[in-house]
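Read the structure below first, then the notes.
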Amino acid sequence: MHFEQGNIHDFTLEEPADLIAMNRALHHVWEHDRAGIFAWLYDNLKPGGYAIIWEPAWPAERSALRDPARRTLSFQNLSEHIQGNHLLQPEEIVAAFAEQGMPTEIYRFAGGNQTVIVARR
Ligand SMILES: C[S@@+](CC[C@H](N)C(=O)[O-])C[C@H]1O[C@@H](n2cnc3c(N)ncnc32)[C@H](O)[C@@H]1O
């Protein structure tokens, strides 16, 4: 296993990867070039390889934020907007992988406030 560091908007791997993990980074690059990021993930994975995406889980219904357990998400999204980002619904990420023909599984944790999405090329 080895690690590489770079700007995903301008990043080249020497060879396709078995696994690419993005931990709480996708919402930072989504607005800039969503389609390009997902095409990059597809192009840089081996057939059968996995993308594993950890993201905060913005709820589909805003009324869900009234649950005290969701308040931290509200405040995080406020600070994300100041940076030009926004938190993503897991379903948006699943739809973006579907555009690449990549099936996904969604795993929720931290009381449903966080999600790991596993996508297979
Ligand atoms: C909320 S931090 C998450 C850091 C760490 N992965 C974690 O889970 O603790 C968001 C990360 O996204 C990275 N990031 C933002 N834009 C990026 C880009 N264009 N290419 C690569 N990484 C980027 C930042 O460098 C930052 O480390």
Side-chain angles (χ1 to χ4, degrees):
M1 179 185 283
H2 68 275
F3 295 91
E4 297 188 28
Q5 181 179 351
N7 179 351
I8 198 166
H9 300 304
D10 179 22
F11 193 52
T12 308
L13 295 183
E14 284 181 16
E15 58 177 335
D18 295 300
L19 186 152
I20 298 174
M22 291 181 75
N23 288 347
R24 304 186 302 158
L26 180 62
H27 64 276
H28 285 263
V29 296
W30 179 274
E31 291 284 2
H32 181 80
D33 182 16
R34 181 188 61 78
I37 296 292
F38 283 83
W40 187 92
L41 289 169
Y42 181 91
D43 290 343
N44 285 278
L45 281 170
K46 289 179 186 166
Y50 289 93
I52 300 185
I53 310 291
W54 168 15
E55 277 293 310
W58 189 247
E61 299 295 333
R62 222 174 265 185
S63 59
L65 296 169
R66 296 201 180 97
D67 181 339
R70 302 269 177 271
R71 281 184 191 154
T72 54
L73 279 181
S74 304
F75 283 107
Q76 184 183 349
N77 208 17
L78 190 58
S79 71
E80 295 295 348
H81 273 277
I82 291 165
Q83 299 171 67
N85 308 326
H86 68 275
L87 296 183
L88 306 168
Q89 294 175 28
E91 295 75 14
E92 293 179 272
I93 301 170
V94 165
F97 277 120
E99 287 174 13
Q100 298 298 325
M102 293 175 66
T104 46
E105 291 173 37
I106 300 180
Y107 299 89
R108 294 177 181 270
F109 64 105
N113 280 348
Q114 304 286 321
T115 344
V116 168
I117 291 158
V118 177
R120 185 169 182 271
R121 179 182 162 170

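Atoms within each ligand, like the ligands themselves, are counted from 1 in listed order.
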If I take atom CE from residue M22 and atom NE2 from residue H28, how far apart are they, to the nearest 0.5 angstrom?
9.5 Å
Is atom 21 (C) of ligand 1 near the protein, in the sense that some protein heavy atom lies at less than 4.0 Å from it?
yes
Taking both backbone and side-chain atoms of W54, is any N or O found less than 3.5 Å from an N or O belonging to ligand 1?
no
Under 4.0 Å from a heavy atom of G6: which atoms of ligand 1 are those, numbered in the order shown and with their elements?
20 (N), 21 (C)
Numbering as shown, the atoms of ligand 1 that approach A25 to under 4.0 Å (heavy-atom distance):
12 (O)
Contact (N/O only, under 3.5 Å) between N23 and ligand 1:
yes
Nearest to atom 2 (S) of ligand 1, what protein heavy atom do you find, and at what distance?
R24 O, 3.9 Å
Quick one: side chains of residues 5-13, donor-acceptor pairs under 3.5 Å with protein atoms, not counting sequence neighbours, listed by atom name and distance.
from	atom 1	to	atom 2	distance (Å)
N7	OD1	H9	N	2.9

Which atoms of ligand 1 have any heavy atom of H9 under 4.0 Å away?
19 (N)
Which salt bridge (charged side-chain N to carboxylate O under 4.0 Å, His left out) pairs, counting each pair once, include a residue from residues 107-121, with sequence neighbours left out?
E91-R108
Under a 4.5 Å side-chain heavy-atom rule over Ile, Leu, Val, Met, Phe, Trp and Tyr, are I106 and F97 clustered together?
yes
Using a 3.5 Å cut-off on N or O atoms only, is N7 in polar contact with ligand 1?
yes
I'd like to check which ligand 1 atoms, numbered from 1 as shown, lie under 4.0 Å from a non-hydrogen atom of V29.
16 (N), 17 (C), 18 (C), 19 (N)
Any donor and acceptor pair, going by atom type alone, linking the side chain of Q100 with main-chain N or O of A96 inside 3.5 Å?
no
Which value, rounded to the nearest 0.5 Å, describes the distance between I52 atom CD1 and L41 atom CG?
11.5 Å
Looking only at heavy atoms, what is the nearest atom pair of A57 and L73, with distance?
O-CD1, 3.2 Å
Determine, counting only non-hydrogen atoms of the protein, whether one lies under 4.0 angstrom from atom 27 (O) of ligand 1.
no
Restricting to heavy atoms, the pick from H32, H28, E80 nearest atom 15 (C) of ligand 1 would be H28
Protein heavy-atom contact under 4.0 Å for atom 24 (C) of ligand 1?
no
Backbone or side-chain N or O of I8 under 3.5 Å from ligand 1 N or O
yes
Out of curiosity, L45 CG to I20 CD1, how far, rounded to the nearest 0.5 Å?
4.0 Å
Is a donor on one side and an acceptor on the other found under 3.5 Å between the side chain of E55 and the backbone of L26?
yes
